[in-house]
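Letters go in sequence order (proteins before strands), and every chain restarts at 1. Only this structure's heavy atoms are used, side chains among them; waters, hydrogens and symmetry mates stay out.
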Amino acid sequence: MGEVRVLFFASASEAAGCAEATVPCEEGGIRESLLWERLLAKHPSLASLRGSVRIAKNCEYLAADGELHPGDEAALIPPVSGG
Amino acid sequence: MGEVRVLFFASASEAAGCAEATVPCEEGGIRESLLWERLLAKHPSLASLRGSVRIAKNCEYLAADGELHPGDEAALIPPVSGG
Amino acid sequence: MDVRIQFTDQKIGPSNPATTDGAGAVVEFLGVVRGVERDAKISGLVYEIYEPMADRMVRRIVEELDASYPCLTFQLVHRHGFVPVGEAAIHLRIEAPHRTEAIRMLEHFMNRLKTDVPIWKSGFVPC
Amino acid sequence: MDVRIQFTDQKIGPSNPATTDGAGAVVEFLGVVRGVERDAKISGLVYEIYEPMADRMVRRIVEELDASYPCLTFQLVHRHGFVPVGEAAIHLRIEAPHRTEAIRMLEHFMNRLKTDVPIWKSGFVPC
């Protein structure tokens, strides 16, 4: 099985206590729900953010039916507050 | 009888060929229509501007029922185009 | 609100970058003379200002808009006389606690300027 | 349209006053750190940026908005790291043929920035 790298930013990195994680990923791809399941197994402290965090894949927001594949760079994007 | 000083700007000063005029004015005041009548007697070339020009009195636009009195500074304000 | 108005025949310089206490947003606007007017190439425009009335109208408009879009400072510089192509005829700088008010002030002020403030492009100079 | 994006941990300097050929309007925006956050006095804010994604999102947003509000140039500087009170966290400079497009671009871009661009105020430093 391959892997997806997941970057944490802002409140997500605070909650996880680290800046990134790797998550196992089948060649056929995984959906957001499975990504969360595997992430929370490693970092249960991220659970409270799940409702507000969006997932990015390779610097684009992941569509609701989007899939992650091995080698993708994912990111947890908490509500942004630039400017 | 007193007088009102009338300043001309932009297309009004071009049409009149000068920057200002004085117009006779009764102590009791005159309305815009009488001001125009007396102005056009002196400067008939202003006639074509009458439909587009607004009158100012002491640096305020004159209300439709406003009056000019001797000593007031009036101005012909063609459509503005600042900025 | 602190309102400053300047009419000048000199080139408009860079603005002071210092910000007022409490300002979260600074919006600046430059209106620049373009090289074409009524399909003809020009070297510049000539502006004319009825200064005492323009000053009064600007203050009136800003005061009215400030009631809806509270801002901290409002600075206007407008040139008169010849303004060459590529130079600014007008410079606005608005500070406000929040950006929305500053942007709305800019937008509505410029609309009012172009209907009510006695300033005219009184001629253009062909190339 | 010429789009330039810079992320920096250095103080944002004064912008280049030169204007692009054909630009009739230049709009600039500074978002300045204010001295109070959640009712507490602060000495500054800390910003975090997911730079490659922020760059991509900004370009996407500007491209989309340019279809409705055609502009000539778009420059964004956003700071990361600690930004002291009174300094700008963001600077925008937009040039367009006409002011309406430049103002709309600013307004809509800032709205989109605050929903879609991965930049965070990730902390504030008390006085």
Side-chain angles (χ1 to χ4, degrees), chain A residues 3-23 25 29-32 35-36 39 42-43 45-83, chain D residues 5-8 12 28-34 37-38 42 45-64 76-81 83 87-94 105-124:
Chain A
E3 278 182 343
V4 168
R5 186 178 169 211
V6 186
L7 308 181
F8 303 148
F9 291 96
S11 58
S13 70
E14 280 171 42
C18 59
E20 59 179 277
T22 53
V23 166
C25 180
I30 61 173
R31 293 276 176 94
E32 186 171 333
L35 178 75
W36 272 111
L39 259 183
K42 280 194 173 180
H43 296 286
S45 55
L46 289 171
S48 65
L49 300 178
R50 186 169 175 175
S52 62
V53 161
R54 285 192 281 178
I55 305 288
K57 168 187 158 176
N58 301 332
C59 296
E60 302 275 358
Y61 288 108
L62 190 66
D65 60 352
E67 288 186 341
L68 295 154
H69 293 86
D72 283 342
E73 178 179 281
L76 301 193
I77 309 288
V80 304
S81 51
Chain D
I5 300 165
Q6 189 195 347
F7 301 119
T8 178
I12 298 174
E28 298 203 45
F29 173 78
L30 289 170
V32 178
V33 175
R34 300 168 74 206
E37 183 82 10
R38 299 172 205 170
I42 60 166
L45 290 170
V46 178
Y47 283 88
E48 186 178 356
I49 306 179
Y50 181 19
E51 293 197 16
M53 181 168 171
D55 186 284
R56 184 183 285 221
M57 286 294 127
V58 168
R59 287 179 195 280
R60 170 89 40 84
I61 292 166
V62 171
E63 202 174 279
E64 280 177 31
L76 165 68
V77 185
H78 202 298
R79 284 179 71 170
H80 55 80
V83 184
E87 290 188 13
I90 183 172
H91 175 236
L92 273 179
R93 186 175 189 274
I94 298 164
M105 174 66 84
L106 167 61
E107 181 184 0
H108 291 281
F109 176 78
M110 287 302 299
N111 291 343
R112 293 287 299 275
L113 176 86
K114 284 172 182 284
T115 57
D116 290 344
V117 179
I119 301 177
W120 299 269
K121 285 178 197 162
S122 62
F124 52 95

Fill in: Nearest-0.5 Å distance that lies between atom CD1 in D:Ile119 and atom CD1 in A:Ile77
11.0 Å
Worksheet entry | Under 4.5 Å from any heavy atom of chain D - which part of A:Pro79 | backbone
Worksheet item: Going from OH on A:Tyr61 to CZ on D:Arg60, what distance comes out if it is rounded to the nearest 0.5 angstrom?
Response: 11.0 Å
Item to complete: Take atom CD of D:Glu63 as the centre, draw a 6.0 Å sphere, and report whether it contains more than 12 heavy atoms from other residues, nucleotides or ligands.
Response: no
Item to complete: Output the distance between atom NZ (A:Lys57) and atom CE (D:Met53), rounded to the nearest 0.5 Å.
Response: 13.0 Å
Item to complete: For chain D, find which of A:Ser81, A:Ala75, A:Ala56, A:Ser13 contributes the most heavy-atom pairs closer than 4.5 angstrom.
Response: A:Ser81
Fill in: Part of D:Tyr50 lying under 4.5 Å from any heavy atom of chain A
both
Worksheet item: Is there a donor-acceptor pair under 3.5 Å between the side chain of D:His78 and the backbone N or O of A:Gly82?
Response: no
Worksheet item: Side chain, backbone, both or neither: which part of A:Glu14 has a non-hydrogen atom closer than 4.5 Å to chain D?
Response: side chain
Worksheet item: With only heavy atoms counted, which part of D:Arg79 is less than 4.5 Å from chain A, the side chain, the backbone, both or neither?
Response: neither
Worksheet item: With a 4.5 Å limit on heavy-atom distance, are the side chains of D:Trp120 and A:Pro78 in contact?
Response: yes
Fill in: chain A contact via D:Asp55 - which portion, at a heavy-atom distance below 4.5 Å
neither
Worksheet item: Considering only heavy atoms, which portion of D:Ile90 lies under 4.5 Å from any heavy atom of chain A: side chain, backbone, both, or neither?
Response: side chain
Worksheet, complete the sentence: dist D:Asp116:CG -> A:Arg54:CZ (nearest 0.5 Å) comes out at 5.0 Å
Worksheet item: Taking the side chain as C-beta and beyond, is there a heavy-atom pair between A:Val80 and D:Lys121 under 4.5 Å?
Response: no
